[in-house]
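Computed from a prediction, not measured in an experiment: that's the story for all the values here. So that the names make sense, note that chain A is the first sequence line, chain B the second, and so on, each numbered from 1.
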Amino acid sequence: MRTVGLLLCLFSSVVHAKELADKLSVHGYLAQGVVQAQDSNFINDDGDVSLRQTEIGINATYRLRPSMRLTGQLAYINGGNRYPEGLRLDYLFWDISLVNTLDWRVNLYLGRNKNHHWLYSVDRTVPQIRPTIIPPQSVYFDVFRDVALSSDGISLMAQTGNRLGDWQIQWSLGESQIDRQQMLNLLSPDAKGSLDQKYDHQFSVNYRPVESAWELGVLLLDSKFDYGAGEGDSLSNGDVRTSRLQFSLRYNAENWEFASELMKERVVFEDVLFPGFSNKAIAEGGYLQWRYFLNHNMTLLARVDVFDRDREFRNGENIVALSEGVIPAYFGFMDTATLGGTWKFASDWQLKAEYHRVKGTGRLAPVLIADVGNNDHKYWDIWALEVAYWF
Amino acid sequence: MSILQGVSPAKWLLLLWVLFFSSTGVALGDSNVKVIANASVDVSVLSPSQLRRIFSMRQTTWPNGDTIRVVVMRNDNPLHEKLCKDVLGVFPYQMERQWNRLAFSGLGDLPVVVENELQMLEYIRGHRGAVGYVTQGLSTDELATIGVAKDTP
């Protein structure tokens, strides 16, 4: 009798294990790089060769039923001065299927949702699919990575195909948590208060015409941050509002690919720097990127990325005037030329190598109070190598 | 100074407009690829757009509620290339990118990868809701064949 009972338990365990295996999927990646950004504080303050290019992620998805899934990803990253080192919850949300037919799919996402609006907003954190180790900073400002990557809230995505082509329409509303280190990176190392994102509101449409090599996208973004000054703070209470209009396009050919995103972003500071401070600027930027596929395993890349902090003062002359000559003009822009390559030397392994030549320091941390001491070169460069494994 | 100076938005838009209408993508053609599915699948015809959503893992259930299990071969397999180009109208690297985007953002999963047609047939035969492809003319008894409609519905 005991034997029968044990056999039944074993059988039940096997069935449950099979059911679990059927409903649960786990993936992950490990990437380790070596990087150097001379004459800037992009990675570290001394510009030496660094191993601070580490990314480890593991994600799991559990399908409760065909119309409902729970999914999440934990990641450890070390990117030097760009973002706080450590473990973070990249995303954790319920995926609820509202409409699921052969022609339409509409999903509701609740929780910490990953940003799917931009061309590479998902890819930037996935070593094996992102085009370069270091993304184009005009659009994918690394100091803003954690804020832009995901937000806590709600998102709706609709996908369909018709005689015109394939469509993806997405709306999201949420807020990102900003910890102390991120705040120091964004504002100033001397900030003593707290920075909160009040909301991040995005709407995007992505379209692929039928039998076309083109993919097109448009994004609208509106976001607000509040700063609460701390005791003895050099900064004051205030807020920052950003509104972005962004276009994306990608052309997919058999042996090469062209991608581009162009953005215009209105940034308004009220107080923060000091009571009564008010600054409105329209930043512009974007990149043009070509990838050539030598074969299934090797890819070459060339990219030009430009960013102007204020379209009215593309040479940064306003920064010199505002700071009374303390901050050089090259903090007003950042233009980068990149050459790189990827070699997938095994089915789950790859090696990336790239070189960036940079003019300007407009996309370095901290954003509000520039680090003039460690960024005293108008021209500087970055090189990076990275090995990645995924499963 | 930025290269954005001196180029008006109108010129950029005109350039994009010319490029947009002067280029074509992958032309769907007659193919010797046959799309097959487990006998549980009660769909007999699909459009290229519907098949693209299925094989790119964006469509996850059949009309009968069964989970869609996508089975593919490796990127460098000629039959997989034919499926992508002749049936789906995309290139293999586009499909792979889409799979990885979904799997590493929580919105989907990776397809099952097999090495050859024998493994393809075996997997589809044994898994409810499975869909894949083989060469036209290959015997696919006990499996459903999905025709590819010429026009998008």
Side-chain angles (χ1 to χ4, degrees), chain A residues 25 27 29 57 59 61 63 66-67 69 71-73 91-93 95 97 100-103 105 107 109 114 116 122-123 125-126 128-129 157 159 161-163 165-166 209-214 216 249 251-254 257 262 284-286 293 296 304 306-308 311 314-315 333 335 347 390, chain B residues 1-5 9 12 16 19-21 23-28 43 46-54 56 58-63 65-69 74-76 81 85 89-94 96-110 113 127 151-153:
Chain A
S25 66
H27 298 287
Y29 57 82
N59 68 60
T61 300
R63 194 173 65 249
S67 63
R69 295 156 67 247
T71 180
Q73 175 166 293
Y91 60 84
L92 177 64
F93 60 89
D95 173 0
S97 179
N100 197 350
T101 70
L102 290 173
D103 294 313
R105 189 176 172 195
N107 289 67
Y109 306 116
K114 203 162 184 181
H116 282 264
V122 169
D123 305 31
T125 64
V126 187
Q128 68 270 30
I129 60 173
M157 186 188 291
Q159 297 173 73
N162 55 27
R163 287 183 186 275
D166 296 333
V210 65
E211 290 194 33
S212 170
W214 288 98
L216 306 169
L249 62 91
Y251 183 88
N252 303 286
E254 182 151 16
E257 170 198 90
L262 301 175
E284 286 184 345
F293 308 112
H296 285 290
V304 171
V306 297
F307 172 75
D308 293 338
R311 63 189 296 230
R314 295 193 190 277
N315 291 331
F333 55 84
D335 301 338
S347 60
W390 60 92
Chain B
M1 181 163 160
S2 169
I3 64 171
L4 290 170
Q5 271 182 294
W12 279 113
L16 283 173
L19 288 172
F20 183 78
F21 285 104
S23 65
T24 56
V26 183
L28 300 177
V43 170
L46 290 171
S47 70
S49 174
Q50 291 168 327
L51 282 168
R52 200 159 45 240
R53 279 203 304 286
I54 287 170
S56 64
R58 284 176 290 166
Q59 188 66 35
T60 56
T61 55
W62 294 109
D66 284 343
T67 300
I68 299 177
R69 298 169 188 266
R74 297 198 182 278
N75 262 9
D76 55 2
E81 201 170 323
K85 287 161 65 173
V90 294
F91 298 107
Y93 73 85
Q94 289 177 270
E96 189 178 39
R97 177 173 61 209
Q98 180 66 14
W99 297 333
N100 277 296
R101 293 193 89 224
L102 294 179
F104 288 89
S105 65
L107 296 196
D109 206 347
L110 296 173
V113 180
H127 291 82
D151 296 318
T152 307

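- Contacts with chain A were tallied for B/Leu110, B/Asp66, B/Ile54, B/Ile68; B/Leu110 has the most, counting heavy-atom pairs under 4.5 Å.
- With rounding to the nearest 0.5 angstrom, the OG atom of A/Ser347 is 11.5 Å from the CG atom of B/Asn75.
- Of the two parts of A/Arg63, only the side chain, counted from C-beta on, holds a non-hydrogen atom closer than 4.5 Å to a non-hydrogen atom of chain B.
- Counting all heavy atoms, side chain and backbone alike, A/Pro66 lies closest to B/Gly65 at CG-O, 3.9 Å.
- To the nearest 0.5 Å, atoms OG (B/Ser47) and CG (A/Asp103) are separated by 6.5 Å.
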Next on the checklist: Between A/Asn59 and B/Phe104, does the side-chain contact (heavy atoms from CB on, under 4.5 Å) criterion hold? Intermediate values first, please.
Outcome noted: CA-CA 7 Å; A/Asn59 68 60; B/Phe104 288 89; 3.5 Å; yes
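- Across all their heavy atoms, B/Gly106 and A/Asp95 have their closest contact at O-OD2, 4.5 Å.
- Residue A/Gln73 touches chain B through its side chain alone, counting heavy-atom pairs closer than 4.5 Å.
- Ranked by heavy-atom pairs under 4.5 Å with chain B, the list A/Arg311, A/His116, A/Lys114 is led by A/His116.
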Item to check | Working for side-chain contact (heavy atoms from CB on, under 4.5 Å), residues B/Arg101 and A/Val126 | outcome: CA-CA 8 Å; B/Arg101 293 193 89 224; A/Val126 187; over 6 Å; no
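- Among the candidates A/Met157, A/Gln159, A/Glu254, the residue making the largest number of heavy-atom pairs closer than 4.5 Å to chain B is A/Glu254.
- The nearest pair of heavy atoms linking B/Gly108 to A/Arg69 is N-NH2, 3.5 Å.
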Checklist entry - Step by step, would you call A/Ile129 with B/Glu96 a side-chain contact (heavy atoms from CB on, under 4.5 Å)? => result CA-CA 9 Å; A/Ile129 60 173; B/Glu96 189 178 39; over 6 Å; no
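- For the atom pair CD (B/Gln59) and CZ (A/Arg105), the distance works out to 6.5 Å, reported to the nearest 0.5 Å.
- The closest side-chain heavy-atom distance from A/His296 to B/Glu81 is below 4.5 Å.
- Interface summary for chain A: among B/Val43, B/Leu46, B/Thr67, the most heavy-atom pairs under 4.5 angstrom belong to B/Thr67.
- Between chain B and the options A/Trp390, A/Phe293, A/Tyr109, heavy-atom pairs under 4.5 Å are most frequent for A/Phe293.
- A heavy-atom distance below 4.5 Å is not found between the side chains of A/Thr101 and B/Pro63.
- In this structure, A/Asn100 and B/Thr60 have side chains that are in contact, with non-hydrogen atoms separated by less than 4.5 Å.
- Proximity of A/Asp166 to B/Ser49: side-chain heavy atoms (C-beta onward) are separated by under 4.5 Å at one or more points.
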Item to check | Verdict with supporting geometry, B/Arg97 and A/Glu257, side-chain contact (heavy atoms from CB on, under 4.5 Å) | outcome: CA-CA 12 Å; B/Arg97 177 173 61 209; A/Glu257 170 198 90; 2.3 Å; yes
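- Using a 4.5 Å cut-off on side-chain heavy atoms (C-beta onward), B/Leu107 and A/Tyr91 make no contact.
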